[in-house]
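Reading through the structure tokens given below for one structure.
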Number of protein chains: 2
Amino acid sequence: MAGATAPLLGLEKKSLREQALSALRTAITSGELEPGRHLVETELSDMLQISRGTLREALRQLEQEGLLSAGPRGRLSVRHLDGKEIRDIFAVRAALESLAVRTLCELPDRTSVIASLRSAVDVMAAAAEASLEERIESDLEFHRTLCRLTGNETLLHSWESLEGSIRMSIMFAGIERAVKNMSVDRHHDIVAAIETGNATLARTTILEHMDVAAANLVA
Amino acid sequence: MAGATAPLLGLEKKSLREQALSALRTAITSGELEPGRHLVETELSDMLQISRGTLREALRQLEQEGLLSAGPRGRLSVRHLDGKEIRDIFAVRAALESLAVRTLCELPDRTSVIASLRSAVDVMAAAAEASLEERIESDLEFHRTLCRLTGNETLLHSWESLEGSIRMSIMFAGIERAVKNMSVDRHHDIVAAIETGNATLARTTILEHMDVAAANLVA
DNA sequence: GTACCATCAACTGTTAACAGACCAACTGTA
DNA sequence: TACAGTTGGTCTGTTAACAGTTGATGGTAC
């Protein structure tokens, strides 16, 4: 039963490592693996039906994403966030997204960018009555799009490295608090600010949005 | 010969994985492993005298740090940077350090912070006549200190995740270009700006510093 | 009951070996 | 010579097994 890839047909199946990564990420950010919990490699590999070697590769990645914290003897545990850390995470997030909107404002032609952002906001609006989880997904997708549209791969990568921590913050604070940040209007404001091309205005809008978001979570 | 830890004596010996990580990072950022080069796992594990399993854990981490890029069939190669990517990296770096100085400016008591920064600048001044490598190290240490002093662990972690890319940028541009950024005066300006507590001024100073640095590298 | 020592179970660090996919060279046939 | 099929090599994905340390458990002496 020793592995192999398996491209088979155009479908590009995910490797076991990637599957485990997704599964663990979901388990952690959904709270199924509660914060502070010690993770035992043999237990997880048994649960996920993969070998420890493959699992350990995934764990390293999660560790770097900030979802796991390493204890004394290499013991890993699910990271525990307090109010300060949530504010810290959102401060970094604000700095990154602030760069994103500034970059977008400086583009000579913003029409296609605005179009993409508007459709992302539309998705949010459409999900306004959907499940809380879906609303959060569409919200994160909007902000991820903000970074992606800059064309700055490093920026996008940094943001995505932070995404796990953001999700943990939401989980830690409780979803009912998080949905207070899902206002479609606020996101319209951000798009509008970018449309004007006024970098300072756009930056202020994002910073304020993030401040409010962090405050809502830790309040 | 199958492994184990080996604390031995208080000295906290590094695990093989960490040793490999350091070795590879150095090899890449020093140019010993030239950009674009394909990495073969068996070759590396042979060279570093460790098994593939252990090596692969280190490779995942380097991949996430942006030093390696994954090709079609999982083939890894040393990341190749062009001018745009260097500018992008420094834009993100600027955003992070901009947050750092702003945070420091908002501290009620900055005396100990200023003291730490001054001593970091002193180290740079002392290294002014040293080897180019040492000057670069002391420069990076100054900027890392900037982030560390904020007490924002997430910020520090994000910056350190970018550090490898920064080192690659320097290597790619050539050390002779990079040393143009090692001006002690410029760093004094940054500290002075923080000392005033004027967040806007400090932010402007850092952004300009980063702009010049990026321009020097890609010029 | 408490202190000390031996034994043992549990967990991580590390390694060697196996399985499948892709690529290039080689060979046989018109 | 040109081309198709085969074969061998190389590399990654994955796994099972081994080594060594740490912490706990149980038993014995005082």
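Just so you know, these numbers use all the heavy atoms, side chains as well, and skip hydrogens, waters and symmetry mates. Chain identifiers are assigned alphabetically (A, B, ...) following the order of the sequence lines, protein sequences preceding nucleic acid strands; residue numbering begins at 1 within each chain. Only a predicted model underlies this, so the values are computations on that prediction, with no experimental measurement involved.
Under the salt bridge (Lys or Arg N to Asp or Glu O under 4.0 Å) criterion, the residue pairs touching residues 148-173 of chain A are A:Glu137-A:Arg167, A:Glu141-A:Arg148, A:Arg144-A:Glu163, A:Glu163-A:Arg167, with sequence neighbours excluded.
For B:Glu65, the salt bridge (charged side-chain N to carboxylate O under 4.0 Å, His left out) criterion is met by B:Arg25, not counting sequence neighbours. When the ring-ring contact (aromatic ring centres under 6.0 Å, His included) test is applied to A:His209, the partners found at least two apart in sequence or on another chain are A:His143, A:His187. By the salt bridge (charged side-chain N to carboxylate O under 4.0 Å, His left out) test, B:Arg75 is found to be paired with no residue, residues two or more places apart in sequence or in another chain being considered.
Residues from residues 51-58 of chain A placing a heavy atom under 4.0 Å of any atom in DNA chain D, listed by number, are A:Ser51, A:Arg52, A:Gly53, A:Thr54. Residues from residues 32-46 of chain A lying near DNA chain C, meaning a heavy-atom separation below 4.0 Å, are A:Leu39, A:Val40, A:Glu41, A:Thr42 in numerical order.
A straight line from CZ of A:Arg17 to P of D:dT14 spans 8 Å, rounded to a whole angstrom. Per the geometry, CG belonging to A:Leu76 stands 13 Å off P belonging to C:dC11, to the nearest Å. The nearest whole Å value for the distance from the NZ atom in B:Lys14 to the P atom in C:dG13 is 15 Å. Rounded to whole Å, the distance from CG on A:Leu16 to P on C:dA19 is 16 Å.
Heavy-atom contacts from other residues, nucleotides or ligands closer than 6.0 Å to CD of A:Glu129 number 12 or fewer. Heavy-atom neighbours of B:Glu106 CD from other residues, nucleotides or ligands within 6.0 Å: above the threshold of 12.
Using a 4.0 Å cut-off, no side-chain N or O of B:Arg75 falls inside it from OP1 or OP2 of C:dA21.
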### Query
Given the rule in the side chain to side chain contact (heavy atoms under 4.5 Å, CB included) test, do B:Met182 and B:Asp139 qualify, once you have shown the distances and angles that lead to the verdict?
CA-CA 7 Å; B:Met182 302 302 149; B:Asp139 175 68; 3.3 Å; yes
